[in-house]
Peer 1: 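Have a look at this one before I ask anything.
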Amino acid sequence: MERDVKEIVRQMTLEEKAGMCSGKDFWHLKSVERLGIPEVMVSDGPHGLRKQAENGDHLGINESIKAVCFPAACATACSFDRDLLEEMGAALGTECQAENVSVLLGPAVNIKRSPLCGRNFEYFSEDPYLAGQMAKAHITGVQKEGVGTSIKHFAANNQEYHRMSASSEVDERTLREIYLAAFETPVKEAKPKTVMCSYNRINGVFASENPWLLDEVLRKEWGYEGYVMSDWGAVNDRVPGLKAGLELEMPASGGETDRQIVEAVKNGTLKEEVLDQAVERILNVIFDYVDHRKDAVFDMEKDHALAEKVETESMVLLKNDGILPLKKGVRAAFIGVFAKTPRYQGGGSSHINSFRVTGALEAAEKMADLTYAEGYRLKEDVIDEVLVAEAVEAAKSAEVAVIFAGLPDAFESEGYDRTHMRMPDSQNYLIHEVCKVQPNVVVVLHNGSPVEMPWAEEVSGILEAYLGGQGVGTAEVRILFGEANPCGKLAETIPYKLSDNPSYLNFPGDGETVAYREGIFVGYRYYDRKEMPVRYPFGYGLSYTEFSYSNLQLDKSSMKDTDTLTVSVDITNTGKRAGKEIVQLYVADRTGSADRPVRELKNFAKVSLEPGETETVRMELNKRSFAWYNVKLHDWYAASGTYEIQIGKSSREIVLCDTVELTTDVKVPMEIHKNTTVGQLLRNPDMAQVLQEALSEMMSTMGAGGGEASTEAISPEMIRGMMESMPLRGLRSFAGMSEEALNRLVEKLREVQ
Ligand code: BGC
């Protein structure tokens with residue numbers, strides 16, 4: 001519909017405009033009936049609809065309408081399946097249309113910095129490329145149904161401890177390469193209607209009143225056109241927030257902050273144009289929804305089936321000593337409360353009131369000759385010998401024991417962090433005891449974030465279900481009995497123990513600040529660089545079939561940083577079952593231009609192959625795939641030189657590799673003075689040439705005249721090594737260069753720059 005939003009804003013009173021910038025209540029924006037501005041609703045998100053009719057809260061306490069709980073992001077990210085995420089998003093969008101919800105609050109793309117973050121279950125990955133791709137697909141799916149999304153929590157919100165006040169202390173490069181990157185692609189390419197700023201401060205400034213974050217980066221650099229809303233209660237100081245680029249405060253402010261805005265306009269501390277623009281942005285999104293209203297039906301059965309499918313495509317088979325798939329009709333002991341009442345979602349604002357939940361026990365009824373034993377208590381972590389004895393008996397008289405284990409609700413939730421990475425002792429004990437009497441044990445894990453697995457060597461199979469949504473039981477049974485072939489791979493590293501994690505010494509900080517001292521070395525970027533053994537690496541997951549990789553081709557062997565590189569590789573299913581493989585493309589910087597991870601994920605593809613079938617997978621790379629964030633340029637920079645293109649089955653299993661030569665015209669500015677080191681200068685080809693002359697002269701001076709003894713004492717390699725850290729003025733002190741000659745050299749070097 002044709003509508004002049006600017007004109008509507010002009011007709012609004014100052015009070016109406018200020019009022020538009022905060023919620024009416026917990027879930028609604030305000031209406032202005034006389035101008036045809038309707039009241040619209042927003043709801044959580046991200047993996048289901050949590051629409052609360054009354055008694056709103058953001059902690060998951062009060063009931064919401066019956067809905068469908070899809071697998072949480074910790075699971076869906078492991079699908080590495082853009083189409084699947086888009087399909088799930090579209091289903092959620094349709095549900096929102098049916099329930100008249102204008103914005104679904106999510107997806108949440110915060111990076112999993114530590115396995116301890118209580119909210120990791122809602123986040124996608126430790127890798128910003130993967131998180132960004134999954135979020136982009138999710139947003140595209142929801143928004144193509146005419147419903148908005150709210151990518152959250154912007155930004156550097158990676159823990160729950162003091163989440164509303166702590167300052168994340170992160171250097172610029174790390175922010176750009178890791179924490180902002182997960183937002184950047186979805187914001188630029190999927191254009192979420194809204195962005196939700198986080199509670200925390202970033203380098204001292206609240207995200208909700210951070211002009212650098214909300215204006216410089218989000219709007220000016222990324223071209224964002226929607227509106228920014230606060231996380232619930234994230235507003236610290238309203239007027240500075242509005243000036244910084246926070247359009248909507250949520251939830252309602254009781255009129256208090258609206259009055260502050262009115263007052264600020266009246267006393268001239270806030271320009272009315274800033275308010276007008278904020279209101280215009282909010283209205284654009286409201287009317288966009290209004291104009292795309294559809295007749296839609298919330299088909300719960302259909303979406304339940306989709307939830308089962310999504311989980312089937314996401315679960316990760318971590319270990320299989322040939323025990324899986326199980327034979328149909330097998331005598332199986334299903335052990336553990338989670339077989340009956342699975343843990344399938346996390347606690348807090350994303351909590352869904354599921355209309356149905358299917359556990360594996362119910363789903364496997366017709367598949368096997370089943371016995372069930374509870375195994376452990378859920379409410380408290382105490383070993384119940386009676387329950388353990390029952391489980392051991394059940395395991396003894398069965399051909400196989402499947403233990404459904406993981407983290408109870410109280411172990412991880414929004415609002416607080418975990419303090420350790422262990423499962424309940426009672427469950428670990430149970431697994432050890434069952435393994436003593438039964439050689440065929442499979443563990444199925446229900447958890448939102450990695451756990452230590454002290455029993456990993458004792459069991460024959462491990463299936464990571466994560467928090468798999470309300471259809472988790474069906475999905476588990478499909479995989480366990482081979483009706484589906486596992487095809488998920490880990491979106492995060494599972495370390496052996498918590499202290500291996502790079503943030504270990506700096507998580508969660510002192511309550512005031514949290515220093516991101518590990519910098520860009522998050523997740524596999526750290527473990528790989530440290531050559532540290534891990535329980536299961538990023539990108540790892542097994543299948544019931546085998547895949548071979550061959551014929552890696554790059555469409556060019558050299559490129560400019562403005563070109564696109566197409567990488568192709570043939571994948572063949574060499575096993576006996578149909579299956580899907582996630583092909584991962586990593587780039588390794590061999591230019592030596594900066595401190596970089598060993599490799600970084602820059603693209604991936606998922607292929608479905610029948611036995612014997614081969615498919616050529618094509619993936620593209622561009623400048624950004626090679627670049628790092630150069631703080632001198634305040635921009636992305638890919639140095640000239642060699643880059644390795646690595647194709648991996650996981651981050652630790654690179655199967656094919658080739659190289660490409662890249663060139664760039666971008667020059668990194670360098671301040672040249674007499675304390676610039678020779679090493680720094682030698683890395684710049686133009687300056688290296690100028691220096692070379694001066695150096696060779698100097699080497700001959702230093703190496704000559706001392707006879708054999710001095711040649712032995714100082715070789716040309718040693719001189720080169722020492723030169724690395726030698727400031728230019730060293731040429732004066734050690735090579736007899738005159739002050740005048742030194743100044744001339746500095747001048748000359750400045751000229752070539
Ligand atoms: C959470 C958000 C959520 C909001 C509304 C906050 O506590 O951090 O993710 O969307 O509540 O429920």
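Order of appearance sets the numbers: ligands from 1, and atoms from 1 within every ligand.
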Peer 1: Is R525 salt-bridged to E177, going by a charged N under 4.0 Å from an acidic O?
Peer 2: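 Salt bridge: no.
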Peer 1: When you check the side-chain N and O atoms of T493 and E126, is any donor under 3.5 Å from an acceptor?
Peer 2: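 E126 and T493 do have a side-chain donor-acceptor pair below 3.5 Å.
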Peer 1: Below 4.0 Å from ligand 1: does a non-hydrogen atom of M196 turn up there or not?
Peer 2: yes
Peer 1: A quick test of your reading: do over 12 heavy atoms of other residues, nucleotides or ligands sit less than 6.0 Å from NZ of K66?
Peer 2: yes
Peer 1: Counting only heavy atoms closer than 4.0 Å, does ligand 1 sit against the backbone of M250, its side chain, both, or neither?
Peer 2: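 Near ligand 1, M250 shows nothing, with every heavy atom at 4.0 Å or more.
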Peer 1: Name the orientation class of the two ring planes belonging to F604 and F80 (parallel below 30°, tilted from 30 to 60°, perpendicular beyond 60°).
Peer 2: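 The arrangement is perpendicular - the two ring planes meet at more than 60°.
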Peer 1: Closer than 4.0 Å to some heavy atom of E414 - which atoms of ligand 1 meet that?
Peer 2: 1 (C), 6 (C), 7 (O), 8 (O)
Peer 1: So, is W232 polar-close to ligand 1, with some N/O to N/O distance under 3.5 Å?
Peer 2: no
Peer 1: Applying the side chain to side chain donor-acceptor pair (under 3.5 Å) test to S22, which of K30, E256, R238 qualifies?
Peer 2: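 The residue from K30, E256, R238 that satisfies side chain to side chain donor-acceptor pair (under 3.5 Å) with S22 turns out to be K30.
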Peer 1: If you measure from the Lys or Arg side-chain nitrogens to the Asp or Glu carboxylate oxygens, is any gap between E145 and K294 under 4.0 Å?
Peer 2: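 Looking at K294 together with E145, the answer is yes, because their closest N to O distance falls below 4.0 Å.
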Peer 1: Which atoms from ligand 1 have a heavy atom of Y199 less than 4.0 Å away?
Peer 2: 6 (C), 7 (O), 8 (O)
Peer 1: Ignoring hydrogens and angles, state whether a donor on the side chain of S198 or N157 is under 3.5 Å from an acceptor on the partner side chain.
Peer 2: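 S198 vs N157: no donor-acceptor pair found between side chains.
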Peer 1: What are the atoms of ligand 1, with element, lying closer than 4.0 Å to any heavy atom of L105?
Peer 2: 10 (O)
Peer 1: By number and element, which atoms of ligand 1 are closer than 4.0 Å to a non-hydrogen atom of K152?
Peer 2: 2 (C), 3 (C), 9 (O), 10 (O)
Peer 1: Enumerate the atoms of ligand 1 whose separation from the nearest heavy atom of D231 is less than 4.0 angstrom.
Peer 2: 1 (C), 2 (C), 3 (C), 4 (C), 6 (C), 7 (O), 8 (O), 11 (O)
Peer 1: For ligand 1, does R163 get within less than 4.0 Å through its side chain, its backbone, both, or neither, judged by non-hydrogen atoms?
Peer 2: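 Answer for R163: side chain.
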Peer 1: For ligand 1, indicate whether the residue W27 contacts it via side chain, backbone, both or neither (heavy-atom separation under 4.0 Å).
Peer 2: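 The side chain, only.
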Peer 1: Using a heavy-atom cut-off of under 4.0 Å, does the side chain or the backbone of Q52 touch ligand 1, or both, or neither?
Peer 2: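 Within the 4.0 Å criterion, Q52 makes no contact with ligand 1.
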Peer 1: Can you spot which of Y123, Y516, F154 makes a ring-ring contact (aromatic ring centres under 6.0 Å, His included) with Y179?
Peer 2: Y516
Peer 1: Enumerate the atoms of ligand 1 whose separation from the nearest heavy atom of H153 is less than 4.0 angstrom.
Peer 2: 2 (C), 8 (O), 9 (O)
